[in-house]
Amino acid sequence: MNERIKQLNAQAATLEAKGIIKLAFNEFKDKISFATSLGEEDQVITDIIAKNTPGIEIFTLDTGRLFIESYELMAKIQKKYPQLNFKIFYPDTKHVEEMVKAKGINLFYESVENRKFCCHVRKVEPLQRALSDKDAWIVGLRRDQAVTRATLEPVEWDEANKKIKFNPLYNWTLDQVRDYIKKNNVDISPLHAQGFVSIGCAPCTRAIKPGEDIRAGRWWWEQPEQKECGLHNNPKWKGSKK
């Protein structure tokens with residue numbers, strides 16, 4: 001597998017984002033999907049897929065704690081791109097109920113372990129179901145989003161899910177993302193205009209202040225090196241469900 005990753009990276013290194021997405025689709029066909037969190041980067045990728053490779057399945061995770069603006073954006077996507085196979089995955093009801101009963105509705109504020117537990121139930125488990133019949137997936141990560149993403153390559157091995165992961169915007173700047181959005185009239189969440197750069201669950205996301213790191217609004221009570229939910233840093237979650 002390492003050799004295949006190297007070969008794909010060698011090909012991807014000479015391509016722009018559209019080319020990387022086409023490479024991914026040509027390699028995996030119906031065995032690849034794109035996971036969108038509805039942020040600016042993901043809206044760019046959704047637009048590129050709709051215009052060039054609509055055969056790629058797109059899915060998002062509804063954690064049950066999203067902003068109303070995120071649901072409104074989902075509705076816009078479904079209407080604007082009817083050619084896409086757009087799916088929504090939800091957390092297991094029983095697991096959510098057990099977690100809330102044991103830990104409380106806002107458990108994530110109490111400890112990093114609790115927050116990662118909540119992310120695991122609401123995000124990681126649904127993601128695993130979404131990827132269960134796939135060999136690869138596409139995400140909207142960029143190198144300058146966070147210290148945890150500074151060494152991103154266009155193609156990586158996702159050890160947690162045992163899949164190949166494509167990062168077509170890995171070397172894009174936020175200015176490049178926003179330039180594409182403007183030129184292509186891409187729909188984005190109105191929260192971005194209110195200072196929200198990275199948008200996740202409502203209780204765990206806030207607008208950032210001028211000069212702050214772009215990930216400062218996510219889990220703002222934690223240290224930067226802890227700011228991943230388990231979808232992209234391949235942690236082995238060791239918390240207790242009780």
Side-chain angles (χ1 to χ4, degrees), residues 5 8-25 32 34-53 56 58 60 67 69-70 73 76-77 80-81 136-158 164-200 204-220 222-229 231-234:
I5 298 290
L8 289 171
N9 263 319
Q11 292 176 267
T14 64
L15 302 173
E16 296 183 353
K18 181 172 70 173
I20 294 174
I21 292 170
K22 284 186 174 181
L23 170 65
F25 182 60
I32 191 169
F34 166 49
T36 175
S37 62
L38 309 174
E40 291 171 291
E41 293 86 358
D42 292 332
Q43 288 301 97
V44 167
I45 295 176
T46 294
D47 190 71
I48 293 174
I49 288 175
K51 292 174 177 176
N52 300 278
T53 49
I56 296 178
I58 297 179
T60 193
F67 289 93
E69 290 85 352
S70 295
L73 186 56
K76 286 184 177 180
I77 292 170
K80 185 173 183 177
Y81 306 114
W137 60 313
I138 300 168
V139 298
L141 303 186
R142 296 185 297 105
R143 285 176 177 170
D144 68 359
Q145 284 174 326
V147 295
T148 54
R149 300 175 181 179
T151 60
L152 274 180
E153 295 296 332
V155 188
E156 298 183 318
W157 174 247
D158 173 8
I164 290 177
K165 183 163 66 175
F166 287 82
N167 305 302
L169 305 186
Y170 74 105
N171 60 351
W172 280 40
T173 64
L174 184 57
D175 285 342
Q176 286 177 291
V177 171
R178 290 177 172 172
D179 185 56
Y180 182 97
I181 289 169
K182 184 177 180 180
K183 288 181 177 179
N184 293 274
N185 195 30
V186 175
D187 292 314
I188 61 172
S189 172
L191 291 174
H192 292 304
Q194 300 173 32
F196 289 79
V197 179
S198 177
I199 302 172
C204 299
T205 310
R206 66 165 173 81
I208 65 171
K209 301 173 184 177
E212 281 191 305
D213 180 82
I214 62 174
R215 292 279 287 180
R218 300 296 297 275
W219 311 297
W220 62 90
E222 297 180 4
Q223 296 301 310
E225 62 272 14
Q226 299 168 332
K227 292 188 178 187
E228 290 290 356
C229 60
L231 298 184
H232 301 298
N233 63 334
N234 299 337

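Small disclaimer: the values here were computed from a predicted structure and weren't measured.
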Rounded to the nearest 0.5 Å, what separates atom [atom1] in [X] from atom [atom2] in [Y]?
X: L15; Y: L23; atom1: CG; atom2: CG; result: 6.0 Å
X: Q176; Y: N171; atom1: CD; atom2: CG; result: 7.0 Å
X: I45; Y: F34; atom1: CD1; atom2: CZ; result: 4.0 Å
X: I56; Y: F25; atom1: CD1; atom2: CZ; result: 6.0 Å
X: D179; Y: D175; atom1: CG; atom2: CG; result: 8.5 Å

Handout entry: Y180: ring-ring contact (aromatic ring centres under 6.0 Å, His included) partners, not counting sequence neighbours
Key =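 Once residues adjacent in sequence are excluded, Y180 has no partner under the ring-ring contact (aromatic ring centres under 6.0 Å, His included) criterion.
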Exercise for the section: Kindly write out the residues that satisfy ring-ring contact (aromatic ring centres under 6.0 Å, His included) with F67, not counting sequence neighbours, or none if the list is empty. Expected result: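 Per chain and number, F67 pairs via ring-ring contact (aromatic ring centres under 6.0 Å, His included) with F196.
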Taking only residues two or more places apart in sequence, or in another chain, which ones meet [X] in a side-chain contact (heavy atoms from CB on, under 4.5 Å)?
X: I5; value: M1, N9, V155, W157, I164
X: S198; value: R215, R218
X: A17; value: I48, P168, L169, W172
X: D144; value: R142, T173

If you define the side chain from C-beta out and look only at heavy atoms, does anything of [X] sit under 4.5 Å from [Y]?
X: I188; Y: R178; answer: no
X: I21; Y: F166; answer: no
X: W220; Y: I208; answer: no
X: L73; Y: Q43; answer: yes

Looking at [X] and [Y], what are the two nearest heavy atoms and their distance?
X: Y170; Y: L152; value: CD1-O, 4.0 Å
X: R206; Y: K209; value: NH1-N, 4.4 Å
X: A24; Y: I32; value: CB-CD1, 3.5 Å
X: P190; Y: E69; value: CG-CG, 3.6 Å

Around [X], counting heavy atoms of other residues, nucleotides and ligands shown, do more than 12 lie under 6.0 Å from its [atom1]?
X: E16; atom1: CD; result: no
X: K51; atom1: NZ; result: yes
X: K18; atom1: NZ; result: no

Handout entry: Option from E41, K165, E156 for which side-chain contact (heavy atoms from CB on, under 4.5 Å) with V139 holds
Key =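 The passing option is K165.
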Handout entry: side-chain contact (heavy atoms from CB on, under 4.5 Å), paired with L191, selected from T205, L38, I199
Key =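 Exactly one candidate clears the test, I199.
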Handout entry: Any donor-acceptor N/O pair, T60 side chain to T36 backbone, under 3.5 Å
Key =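 Side chain of T60 to backbone of T36: a pair is present.
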Practice task
Spell out, as yes or no, whether a donor-acceptor pair under 3.5 Å connects the side chain of N167 to the backbone of L141.
Solution key: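 Between the backbone of L141 and the side chain of N167 there is no qualifying donor-acceptor contact (under 3.5 Å).
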